[in-house]
Chemist: 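Mind looking over this structure? Questions follow.
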Amino acid sequence: MVKCMCGIIGCLLDNKRAAPVLLNCVKKLEYRGYDSVGIATSSSDIKIKKDSGKIDDVHKNLDLDDLPGDMGIAHVRWATHGLPTKENAHPQTDCKDNIAVVHNGIIENYKELKDQLIGEGHQFKSETDTEVIPHLIEKYVEMGNNLESATRLAIGDIKGSYAIAAICRDEPNKVVGARKESPLIVGKGENEYFIASDAPAILEHTNKVIYLEDHEMVVLSEEGIEIKDIKGNVIKKEIFTIDWTPDMAEKGGYAHFMLKEIHEQPEAVKKTLLGESEIKKMVKKFPDFNRVCFVACGTSFHASLIGKYLFENLVGIPTDVSLASEFEYSADTLDEKTLVIFITQSGETADTLKALRLVNHMAKTLAIVNVLGSTVTREAEYVIYTRAGPEIGVAATKTYVSQLACIYLLAIYMSGKMELMEKLQNIPEYMETALQKEELIKEIAQKYKDSRDFFFIGRGFSFPTAMEGALKLKEITYIHGEGYAAGELKHGPLALIDEGVPVVAVTPPGKSHDKTLSNVEEVKARGAHVIGLGSSEDGVLKYEVHDMIEFEDEIDEMFSSMPYVIPLQLLSYYISVMKSIDPDKPKNLAKCVTVE
Ligand code: F6R
């Protein structure tokens, strides 16, 4: 089966060709998938251009924007199974190419539906699960339904997750959309209407959006936007105004989104800290908790690990951290006295959402999220927004430090240790100085770019920072990187340390410093090349290591996570560029992981 974690767009414009607009919008969704792209527009009949490859390459060959008609749909695909081929690219169509559909999600019962439809005479052209949808719609249209009710009947037959947009040759001024467990928003411009997987895709055209819930449908037509439930009843929905601007989703002179987003981090933290009063109010309303549990994936999981150290050190409350994908296997000890904190930049990660749905009604839930109106924000009891702005690079950077800023605020307010606020407010300044190390980091990247393995070590608060450094390296350089608790090295991985293996030691001043230093000596004795991150006053560390990245002495380990991660992000970024990899679009990865 060909599963997708894709981006979809649909639009109905007012006397303006849709294809250039669809191309522009779908480019903004490229972070969601980039192995195939396709556009379908409708005028007298449905015209489609699609192929496998990155959008710019396919556009160069096919002139994707050269299609007639003022309405249409588009798709960018990221396949987890099956080949990215022209046939498997969306839009997918029915037997007569009268109906075209784009889809993000997985149709779990596609095989039985496909067999049944083939038995009824339908002819399939792709290996995708999606293709059953246009054929189902075709079947219901032939039974006398219009596009809207045929789509409603078709999704009634489907098991699985979907955000879809469908058009039909015979109803040339209509785009129908529907969602279940995959994100879908509706955009309301001046006499032009959009549906999209997320808001940045359409920001150039409108910042007025409606968030669809599961089992809701939308019809875009000349009369405007109509949202309906699965039974066809019209529902009134709130229109949100997004305060993100279109240029926030542009590169702004940087070579890559990732580099721009790394540089935006001090500002992102500053803005997130402005949310202090909301957190203060929220904490006042909290009941007494006797346990905290963080749930997240990937980089958000690393932010959660820092949360554990903070909550246990500051709030003095037992704190667990669970990978969202593992959560269901250990969830049943929670109760009303537990606060479960879900960290997710996208608010759409399937594993995190599943864990949230398991916990709701068992314990109190709080979500820390970057995307306004995303599914997690609608299902958690309490929500804190990070204020990082749109993050386009697949590797999380500014959303990570913004999550950390929220966690620090929460821990400070829950502990009542307000004297720490000053230290927190200084962090953006320290992050600015960390960014000034760029030239030095480029030199270090040049030196170690051909290494086969990297180790990142740290203790306490620096252990998650080491893990995050290793994850960034793996994601965007394809070099093997291990983030290890420095004290664990001698329990196994030390056997992998040989002459010249780079070991990045995260060694800020504090309780863990001296012990990490002993581990530095341990790896040096086996021939490792050590890159030290530590205080500019740390003469011993400077003496021990081969390369040193210095920070202000005032940054102790408890407050090191935000500034200290910056050189690690930059190191991976520059190695990636030196290896001619596109750091914004690493292979096999997508920004928003909406499949379990
Ligand atoms: C790494 C990265 C991923 C995400 C993970 C969770 O750079 O981006 O590891 O952190 O997929 O995503 P969210 O935070 O959207 O739940």
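Side chains are part of it too, since the values below use all heavy atoms of this structure and drop only hydrogens, waters and symmetry mates. Remember, it's 1-based here, ligands and their atoms both numbered in the order they're listed. When a residue number appears, it is its place in the shown sequence, counting from 1.
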Chemist: Evaluating non-hydrogen atoms only, which member of Ser300, Gly393, Ala324 is closest to atom 14 (O) of ligand 1?
Modeler: Ser300
Chemist: Any idea which protein heavy atom is nearest atom 4 (C) of ligand 1, and the distance to it?
Modeler: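 Here the nearest protein heavy atom works out to Thr299 N, 4.0 Å.
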Chemist: When only distance counts, is Ala395 in polar contact with ligand 1, meaning an N/O pair under 3.5 Å?
Modeler: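 So ligand 1 has no N or O lying under 3.5 Å from an N or O of Ala395.
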Chemist: Quick check on contacts: which atoms of ligand 1 are under 4.0 angstrom from a heavy atom of Val394?
Modeler: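 What qualifies from ligand 1 is 8 (O).
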Chemist: Are any of the N/O atoms on Thr352, whether in the backbone or the side chain, positioned under 3.5 angstrom from an N/O atom of ligand 1?
Modeler: no
Chemist: Note the single closest protein heavy atom to atom 6 (C) of ligand 1, along with its residue, its atom name and the distance in Å.
Modeler: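 That would be Cys297 O, 3.4 Å.
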Chemist: Checking side chain to side chain donor-acceptor pair (under 3.5 Å) for the pair Gln569/Glu468: CA distance, chi angles, key distance, verdict?
Modeler: CA-CA 9 Å; Gln569 297 164 337; Glu468 178 58 9; 5.4 Å; no
Chemist: Can you tell me the protein heavy atom closest to atom 15 (O) of ligand 1 and the distance?
Modeler: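 In this structure, atom 15 (O) of ligand 1 has Ser346 OG, 2.6 Å as its nearest protein heavy atom.
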Chemist: Are the side chains of Lys472 and Thr299 in contact, using a 4.5 Å heavy-atom criterion?
Modeler: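 Counting from C-beta outward, Thr299 and Lys472 do come under 4.5 Å.
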Chemist: Return the orientation label for the Phe240 and Tyr211 ring planes: parallel under 30°, perpendicular over 60°, tilted otherwise.
Modeler: perpendicular
Chemist: Nearest heavy atom to atom 2 (C) of ligand 1 wins, so pick from Glu468, Glu475, Glu391.
Modeler: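 Among Glu468, Glu475, Glu391, the closest heavy atom to atom 2 (C) of ligand 1 belongs to Glu475.
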Chemist: For Lys398, run the side-chain hydrogen bond (donor to acceptor under 3.5 Å, both in side chains) check against Glu264, His263, Gln403, Glu261 and tell me which one passes.
Modeler: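 Between Lys398 and the candidates, side-chain hydrogen bond (donor to acceptor under 3.5 Å, both in side chains) is satisfied uniquely by Glu264.
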Chemist: Do you know which of Phe289, Phe294, Tyr413, Tyr408 makes ring-ring contact (aromatic ring centres under 6.0 Å, His included) with Phe311?
Modeler: Phe294
Chemist: Describe, in one word, how the ring planes of Phe456 and Phe454 are oriented to each other, choosing from parallel (under 30°), tilted (30 to 60°) and perpendicular (over 60°).
Modeler: parallel
Chemist: Using a strict 4.0 Å cut-off to heavy atoms of Thr349, name the atoms of ligand 1 that fall inside it.
Modeler: 12 (O), 13 (P), 15 (O), 16 (O)
Chemist: Is Thr399 near ligand 1, meaning one of its heavy atoms is under 4.0 Å from it?
Modeler: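 Checking ligand 1 against Thr399, which is what was asked, there is no heavy-atom contact under 4.0 Å.
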Chemist: Going by heavy atoms, is Glu348 under 4.0 Å from ligand 1?
Modeler: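 Contact check Glu348 vs ligand 1: negative.
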Chemist: Which protein heavy atom lies closest to atom 11 (O) of ligand 1, and at what distance to 0.1 Å?
Modeler: Val593 CG2, 4.0 Å
Chemist: So if I count the atoms of ligand 1 from 1 in the order they appear, which ones are less than 4.0 Å from some heavy atom of Lys472?
Modeler: 1 (C), 7 (O)
Chemist: Can you find a pair of side-chain heavy atoms, one from Ile210 and one from Ile185, that are under 4.5 Å apart?
Modeler: no
Chemist: Has Lys447 got more than 12 heavy atoms of other residues, nucleotides or ligands less than 6.0 Å from its NZ?
Modeler: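 Above 12, so yes.
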Chemist: Between the side chains of Lys237 and Glu216, is the shortest nitrogen-to-carboxylate-oxygen separation below 4.0 Å, so that they form an ion pair?
Modeler: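 Answer for the salt bridge query: yes.
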